[in-house]
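The structure appears right after this line, and notes come after that.
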Amino acid sequence: MSHPLHLAVSGSGPRVRFAPSPTGFLHVGSARTFIFNWLYARHNGGTMILRLDDTDVERNTEASVSSIFEGLKWLGLSWDEEYKQSERLELHRKIALAIFEKGLAYRDFTPAHAGEADRSGTQAAWLFNLGMRELSRGESDRRAAAGETFALRFRVPREAGQPVCFNDAVYGEQAKSAADIEDFALLRSDGMPTYHLASCADDADLRISHIIRGQDHLTNTFKHVLIFEAVGVKPPQFAHLPLLVAPDGTKLSKRRHGPVVSVTTYRDAGFLSEAFVNFLCLLGWSPKNDREQMSVPELTQAFSLEGINRANAVVNFTQEDPFDAKAVWLNAEHIRASTVEDLSARLLPIACQAGFSVDPGKMLRVTPLIRERIKLLRDVLVVADFFFVDHLAPYDPAELIPQKGDLAMAKKVLQRAREVLEKTEFKHDLLDAALRPAAQELAVKAGQMFQPIRVAVCGRKNAPPLFETLEVLGKETTLARVEQAIAKIQ
RNA sequence: GGCGCUAUCGUCUAGGGGUUAGGACGGAAGAUUCUCAAUCUUCAAACCCGGGUUCGAUUCCCGGUAGCGCUACCA
């Protein structure tokens, strides 16, 4: 692990954390949770903490850790403190022991997985493994000393018949009878803490004030409240987020839904991170003022827990259309809102990687011509390719034929265009002023004059405005391509 | 099965005891431009069902249904 730990406990505002478990790449749902936490921290002048919840040694991978950092880095939202649960095992064990010593937990010597079989039955057997809860302390100590392995389980106070309660900032007052909560594990038989224990121990120790996380943890929260109470710590404020689901209504998963659930897929497709953040924010949260396109500072300003919705949000995608249309539209909005300089700098590496011959100066001139014509950064490759290649890809000569015209007209137009272009300075307004009268002289409509030229220089009918395009392309390239077009229809 | 959560156009959402139920994406049509895009205009499109409460419920309450989540020595 090469990531530095920042242990400085800073600020006086709320302390929130994003606590992913490194068992896969950074998921869009996780990214949204991170973003909501970040927004809450920044809006309230609080502290954003990143904590790797890596207590499941079986499933954690180093690749996943770097993938998570890679995704977060792209989002461009920084955090203030960083921790790894696996480096805090002493604390977890200490807290587990304290709970045990208070009699609020007991050793369970049942072999792992032994109780799974009959848990689906109607009996209450799923709540605990028979016999273990009542083991005397002496007997328990004896068996432990004899080397028998055990899990440590929380002794849920079912007898009292009291409900466990908490107030959720999103879902309101929550209560659940302790009789419906099973004796969950705190420590595994290998001594490693479970998620519930490690998470609460760290949240208490790091003085987390607000836990903002997915709604899949809503029912777990009753267990967590029990742990906080057992430790003698006031539970943090909880705020559960509605889940992001696929069009089929199920939780997004790589196995079922493919790479669209990974943040890096959006990055690689040419989303601006700001647009992606913007899109995610609008799933399950609303500024309630009809605003949609918002910058990160604007989102920070507008964000509040009150705006969070309770119903799951569908990320709408299909096999053919892997990205939600609204995400794409928002991205286009952010692209159009970018400055030419900024957009150009983002486009340049993409074009270079694709093997186009570009330099910053040329991209700077091309960018304003395509800014309103691309939805994703990668679209530059199909929208502006003809600016960056020495030879146009082959096209059907029939494309040169103008509307309501024929091959003869195309030829006539191109030959005249060649003459005009040769003696015109390549400035878009001068080109306009020269080519428009030329059309009149030939008794063709302006569109009939421009279209063959456009196809000759762009290789296709749909392209940016002609005169600006010609100006960027330059006289030499333009004339060469017009010449080639004429040759095609000889 | 048990427990919990949720339910407004196809999707994201606003709203809320009396509204023409608002916006956005997407869709359709039109305007505009040298094509495309952008822009503008217009249109279609929703309160899950059943009971209550009420003069009046899409809104409040209850029930149903459906969906989701939890029910691991995963997180």
Side-chain angles (χ1 to χ4, degrees), chain A residues 19-23 53-56 58-60 108 110-116 119-122 124 126-127 149-153 168 171 174-177 179-182 184-196 198-199 214-223 240 242-243 245 247 249-251 279 282-293 309-317 321 324-330 332 336 369-375 383 402-403 432 435-436 439 445-451 453-455 458 460-467:
Chain A
S21 70
T23 55
D53 279 10
D54 56 350
T55 53
D56 184 356
E58 298 288 309
R59 303 197 309 154
N60 294 331
D108 182 349
T110 313
H113 309 300
E116 278 173 15
R119 294 222 159 164
S120 52
T122 49
W126 64 277
L127 289 169
T149 63
F150 59 87
L152 191 72
R153 285 185 186 278
D168 189 273
Y171 290 91
Q174 300 294 313
K176 181 171 179 168
S177 168
D180 292 321
I181 302 172
E182 75 280 10
F184 54 95
L186 258 21
L187 247 30
R188 300 187 177 88
S189 45
D190 63 0
M192 285 293 282
T194 62
Y195 161 73
H196 299 303
S199 177
Q215 193 240 49
D216 47 347
H217 286 296
L218 190 64
T219 38
N220 285 332
T221 306
F222 296 105
K223 295 173 190 170
H240 286 89
L243 264 21
V245 298
T250 61
K251 215 161 114 172
F279 170 64
L282 262 17
L283 294 174
W285 172 79
S286 165
K288 300 184 189 289
N289 61 3
D290 287 346
R291 286 227 36 209
E292 304 251 52
Q293 198 251 104
N309 222 333
R310 279 175 293 275
N312 289 170
V314 175
V315 180
N316 216 358
F317 59 85
D321 247 326
D324 192 308
K326 194 143 194 174
V328 174
W329 169 77
L330 265 176
R336 289 192 285 268
L369 303 188
I370 63 169
R371 184 165 47 176
E372 287 177 352
R373 274 162 261 263
I374 57 174
K375 294 180 186 313
V383 170
Q403 279 277 306
D432 191 332
L435 286 168
R436 231 173 259 278
K445 290 185 177 167
Q448 291 175 313
M449 177 86 195
F450 302 156
Q451 197 64 359
I453 303 173
R454 186 194 319 283
V455 174
C458 301
R460 72 177 88 95
K461 285 177 172 167
N462 298 340
L466 185 59
F467 309 119

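- Comparing the same atom, P, in B:C68 and in B:C73 gives a spacing of 24 Å after rounding to whole Å.
- When rounded to the nearest whole Å, the span between CZ of A:F317 and P of B:G26 equals 19 Å.
- Between the P atom of B:G4 and the CZ atom of A:R310 lies a distance of 18 Å, rounded to the nearest Å.
- One finds no side-chain N or O of A:N60 lying less than 4.0 angstrom from the OP1 or OP2 phosphate oxygen of B:A75.
- Nucleotides B:C40 and B:G63 have their P atoms positioned 48 Å apart, rounded to a whole Å.
- The phosphate of B:C70 has OP1 or OP2 within less than 4.0 Å of a side-chain N or O from A:K251.
- To the nearest whole angstrom, the two P atoms, one in B:U13 and one in B:U19, are 26 Å apart.
- Contact annotation: A:T55 side-chain N/O to B:A75 OP1/OP2 distance is under 4.0 Å.
- Contact between the side-chain N/O atoms of A:K288 and the OP1/OP2 oxygens of B:A14 is found at a separation under 4.0 Å.
- The nearest whole Å value for the distance from the NZ atom in A:K223 to the C1' atom in B:C70 is 7 Å.
- Across every strand in view, B:U53 sits unpaired, with no contact that passes the Watson-Crick or G-U test at under 3.5 angstrom.
- Rounded to whole angstrom, the span from the NZ atom of A:K326 across to the P atom of B:C9 amounts to 14 Å.
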* To do: Would you sort out whether A:T221 and A:Q174 count as a side-chain contact (heavy atoms from CB on, under 4.5 Å), showing the intermediate values?
  => CA-CA 10 Å; A:T221 306; A:Q174 300 294 313; over 6 Å; no

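- In this structure, of B:A75, B:U13, B:C25, it is B:C25 that holds the atom nearest to the side chain of A:A325.
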What does the list of N/O pairs under 3.5 Å between the protein and nucleotides 31-36 of chain B look like, with a distance for each?
from, atom 1, to, atom 2, distance (Å)
B:C34, OP1, A:R436, NH1, 3.4
B:C34, O2', A:R454, NH2, 3.3
B:C34, O2, A:R454, NH1, 3.4
B:C34, O2, A:R454, NH2, 2.4
B:C34, N3, A:L466, N, 3.4
B:U35, O2', A:N462, OD1, 2.9
B:U35, N1, A:R454, NH2, 3.4
B:U35, O2, A:K461, O, 3.1
B:U35, O2, A:A463, N, 2.9
B:U35, O2, A:A463, O, 3.1
B:U35, N3, A:R454, NH1, 3.2
B:U35, N3, A:A463, O, 2.5
B:U35, O4, A:P465, N, 3.1
B:C36, O4', A:N462, OD1, 3.4
B:C36, O2, A:R373, NH1, 3.0
B:C36, O2, A:A463, O, 3.4
B:C36, N3, A:R373, NH1, 2.4

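- Among B:G4, B:A75, B:U71, the nucleotide with an atom closest to any side-chain atom of A:D56 is B:A75.
- Nearer the 5' end of RNA chain B, as judged by each residue's closest nucleotide, is the contact made by A:P242, out of A:E292 and A:P242.
- Straight-line distance from the CH2 atom of A:W126 to the P atom of B:C73: 12 Å, rounded to whole Å.
- For the pair A:P287/A:L282, a side-chain contact is recorded, criterion being any heavy-atom separation below 4.5 Å from C-beta on.
- One interatomic measurement links the two molecules: CG of A:N309 to P of B:A14, which rounds to 5 Å at whole-angstrom precision.
- The phosphate of B:C5 has OP1 or OP2 within less than 4.0 Å of a side-chain N or O from A:Q174.
- Atom name P, nucleotides B:A57 and B:G50: the rounded distance is 13 Å, in whole Å.
- Remark: C1' of B:U71 and CG of A:D216 are 14 Å apart, rounded to the nearest angstrom.
- Ionic pairing of A:E182 and A:K223 is present here: one or more N-O contacts between side-chain nitrogen and carboxylate oxygen are shorter than 4.0 angstrom.
- For A:L283 and A:P20, each mapped to the nucleotide of RNA chain B holding its nearest heavy atom, the one lying further toward the 5' end belongs to A:L283.
- Side-chain proximity of A:T219 to the nucleotides B:U13, B:C5, B:C70 is greatest for B:C70.
- Nearest nucleotide to the A:Y171 side chain, out of B:C5, B:A75, B:A38: B:C5.
- Distances from the side chain of A:N220 to the nucleotides B:C73, B:C70, B:C12 place B:C70 closest.
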So which protein nitrogen or oxygen atoms get under 3.5 Å of nucleotides 39-50 of chain B's nitrogens or oxygens?
none

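- Rounded to whole angstrom, the span from the CZ atom of A:R460 across to the C1' atom of B:A37 amounts to 13 Å.
- Comparing B:U13, B:C68, B:C3 by their nearest atom to the side chain of A:N312 picks out B:C68.
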